[in-house]
Amino acid sequence: MTSASPETSPDSRRATRFPVDFETICEVHPVQEMRVRIANISANGMMVADPIDMAKGDRLIVRLPVAGRIEAYLVWSHQGRHGFKFERVIREPDFVAMLDKINSL
């Protein structure tokens, strides 16, 4: 019996996505940072709507209000949009507080 990998499991995509327009900093390598605009976010991941030079599976650390620094890996890219899955799920109270903070900026 085989189970679906986390990145292809339908359950990992069921988290409600919230549209945002939030610019933040991501750490790509220990000494390299880049600014990105997050277009939507869930407790499990985010979509970036900026051109970036990364391949599927590449990792970064995103800085988010309340939730802090979260490692994520690239799951898909298409026409300048990029989907990342977080290495850890953002707990509901922190996620709600994060959304409130993002929407108040």
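Note that the numbering runs from 1 along the sequence shown for the chain.
- Considering all non-hydrogen atoms of both residues, Pro19 and Asn40 come closest at CA-CB, 4.1 Å.
- With sequence neighbours excluded, the residues satisfying side chain to side chain donor-acceptor pair (under 3.5 Å) with Arg91 are Asp94.
- Asp50 CG to Arg35 CZ: the interatomic distance, rounded to the nearest 0.5 Å, is 10.5 Å.
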Check against side-chain contact (heavy atoms from CB on, under 4.5 Å), Lys85 and Trp76: CA-CA 10 Å; Lys85 180 163 176 35; Trp76 60 266; over 6 Å; no
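- If you chain together hydrophobic residues whose side chains sit under 4.5 Å apart, Met46 and Ile52 fall into the same group.
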Check step by step if side-chain contact (heavy atoms from CB on, under 4.5 Å) holds for Tyr73 and Lys56. CA-CA 8 Å; Tyr73 60 93; Lys56 188 175 177 180; over 6 Å; no
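- In this structure, Ile70 and Arg88 have side chains that are in contact, with non-hydrogen atoms separated by less than 4.5 Å.
- A chain of hydrophobic side-chain contacts below 4.5 Å, direct or via other Ile, Leu, Val, Met, Phe, Trp or Tyr residues, connects Val20 to Val66.
- Pairs of residues two or more places apart, or lying in two chains, that qualify as ring-ring contact (aromatic ring centres under 6.0 Å, His included) and include a residue from residues 85-105 are Phe18-Phe95.
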Which donor-acceptor pairs under 3.5 Å do side chains of residues 96-105 form with protein atoms, sequence neighbours excluded?
from   : atom 1 : to     : atom 2 : distance (Å)
Asn103 : ND2    : Leu99  : O      : 3.1
Ser104 : OG     : Asp100 : O      : 3.4
Ser104 : OG     : Lys101 : O      : 2.9

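- Not one N or O on the side chain of His82 forms a donor-acceptor pair closer than 3.5 Å with the backbone of Pro51.
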Could you pull out all donor-acceptor pairs under 3.5 Å where a side-chain atom in residues 57-65 meets a protein atom, sequence neighbours excluded?
from  : atom 1 : to    : atom 2 : distance (Å)
Asp58 : OD2    : Ala55 : N      : 2.7
Arg59 : NH1    : Glu87 : OE2    : 2.4
Arg59 : NH2    : Glu87 : OE2    : 3.2
Arg63 : NE     : Glu27 : OE2    : 3.1
Arg63 : NH2    : Glu27 : OE2    : 3.3
Arg63 : NH2    : Glu33 : OE2    : 2.5

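- In this structure, Phe84 and Leu74 approach most closely via the heavy-atom pair CD2-N, 3.5 Å.
- Other residues, nucleotides and ligands place no more than 12 heavy atoms under 6.0 Å from the CD atom of Glu92.
- The ring-ring contact (aromatic ring centres under 6.0 Å, His included) contacts involving residues 36-67 comprise nothing, where partners must be two or more places apart or lie in separate chains.
- Scanning all heavy atoms of the two residues, the minimum distance from Cys26 to Val36 falls at SG-CG2, 3.6 Å.
- Annotation: side chain to side chain contact (heavy atoms under 4.5 Å, CB included) contacts of Asp21 (sequence neighbours excluded): Arg37.
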